[in-house]
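Below is one structure; the comments refer to it alone.
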Amino acid sequence: MVMSDVIQLFHDGRIEQAGSPVEVYTSPVSGFAASFIGSYNQLSAEEFGALAGTVVPAGNVVAIRPETIGITTERPTEADGCYVVKGMVMDSVPRGNVLRYTVRVGATVLRVDALFRSFHMFNTSDDVFLTIPEHDCLVIPAAA
């Protein structure tokens with residue numbers, strides 16, 4: 001991706017998506033594209049509705065990048081334009097300068113990436129609040 005001007009992502013013998021690396025990374029056109037480049041959390045319309053309290057047309061998928069989700073032990077006092085949900089840390093894995101948390105929110109499991117800061121880490125079973133910016137929730141239409 002570093003050296004590319006255009007990426008053409010093939011799936012089942014056809015071009016699934018073509019665009020600049022930034023376009024393909026930030027705006028996948030399908031669940032396949034979202035799973036191929038990066039590690040989006042992919043939630044069904046029903047899962048996202050239960051999580052965020054909003055309606056997404058059935059059959060669609062909502063994709064959320066792990067690094068766009070904020071995590072803290074304190075409920076945010078202001079979170080304009082964000083969904084705020086309470087969850088519990090299930091696991092954490094260091095990934096270089098990023099710590100990947102697995103957080104259970106109700107019946108949904110989300111991956112959350114945070115910069116690895118030894119003075120601000122969360123332990124398994126910690127209750128946490130996640131802040132999910134609405135503009136970072138990408139609705140991917142149901143497959144045709």
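Predicted model only: the values in this text are computed from it and were never measured. Counting from 1, the numbers follow the sequence of the chain as shown. Worth knowing before you read on, the calculation uses all heavy atoms, side chains too, and leaves out hydrogens, waters and symmetry mates.
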Check whether any side-chain heavy atom of Leu43 lies under 4.5 Å from a side-chain heavy atom of Leu110, and answer yes or no.
yes
Check residues 59-79 and write down every donor-acceptor pair under 3.5 Å in which the side-chain atom is one partner and the other belongs to a residue at least two apart or another chain.
{"unit_1": "Asn60", "atom_1": "OD1", "unit_2": "Ala142", "atom_2": "N", "d": "2.8"}
{"unit_1": "Asn60", "atom_1": "ND2", "unit_2": "Pro57", "atom_2": "O", "d": "3.4"}
{"unit_1": "Arg65", "atom_1": "NE", "unit_2": "Tyr25", "atom_2": "OH", "d": "3.1"}
{"unit_1": "Arg65", "atom_1": "NE", "unit_2": "Glu67", "atom_2": "OE2", "d": "2.7"}
{"unit_1": "Arg65", "atom_1": "NH2", "unit_2": "Tyr25", "atom_2": "OH", "d": "2.6"}
{"unit_1": "Glu67", "atom_1": "OE2", "unit_2": "Tyr25", "atom_2": "OH", "d": "3.1"}
{"unit_1": "Thr68", "atom_1": "OG1", "unit_2": "Arg65", "atom_2": "O", "d": "2.8"}
{"unit_1": "Thr72", "atom_1": "OG1", "unit_2": "Glu74", "atom_2": "N", "d": "3.3"}

Dump the intermediate steps for side chain to side chain contact (heavy atoms under 4.5 Å, CB included) on Val112 and Val89, then the final yes or no.
CA-CA 10 Å; Val112 179; Val89 175; over 6 Å; no
Nearest heavy-atom contact between Ile140 and Gly31 is CG2-N, 3.9 Å
Shortest non-hydrogen contact from Pro21 toward Ser4:
CG-O, 3.4 Å
Out of curiosity, Asp127 CG to Met88 CE, how far, rounded to the nearest 0.5 Å?
7.5 Å
From Val128, Ile132, Val85, residue fulfilling side chain to side chain contact (heavy atoms under 4.5 Å, CB included) relative to Val105:
Val85
Identify the two heavy atoms, one from Thr124 and one from Met90, that lie closest to each other, and give their separation to 0.1 Å.
CG2-O, 3.5 Å
Give the minimum heavy-atom separation between Ser27 and Gln17, together with the two atoms involved.
O-NE2, 2.9 Å
Measure the spacing between CG of Leu115 and CE of Met121 and express it to the nearest 0.5 Å.
13.0 Å
Once rounded to the nearest 0.5 Å, what's the spacing between atom CG of Asp12 and atom CZ of Phe32?
8.0 Å
Stepwise, does the side chain to side chain contact (heavy atoms under 4.5 Å, CB included) test hold for Thr102 with Val109?
CA-CA 7 Å; Thr102 304; Val109 174; 3.3 Å; yes
Could you work out, with ring pair (Phe, Tyr, Trp, His ring centres under 6.0 Å) as the rule, every residue matching Phe122, not counting sequence neighbours?
Tyr101, His120
Nearest atoms (heavy-atom pairs only) where Cys82 meets Pro133:
SG-CA, 3.7 Å
If you take all heavy atoms of Val93 and Asp91, which pair is closest and at what distance?
CG2-OD2, 3.9 Å
Full working for side chain to side chain contact (heavy atoms under 4.5 Å, CB included) between Val98 and Phe116
CA-CA 5 Å; Val98 170; Phe116 201 148; 5.9 Å; no
To the nearest 0.5 Å, how far apart are CG in Asn41 and CG in Leu138?
12.5 Å
What do the steps show when you test Ser30 against His11 for side chain to side chain contact (heavy atoms under 4.5 Å, CB included), and what is the final call?
CA-CA 11 Å; Ser30 66; His11 181 229; over 6 Å; no
Spatial distance of atom CZ (Arg111) from atom CD (Gln42) [nearest 0.5 Å]:
8.0 Å
How many angstroms lie between atom CG of Asp80 and atom OG1 of Thr131, to the nearest 0.5 angstrom?
11.5 Å
Would Tyr40 end up clustered with Val139 when hydrophobic side chains under 4.5 Å apart are linked, directly or stepwise?
no
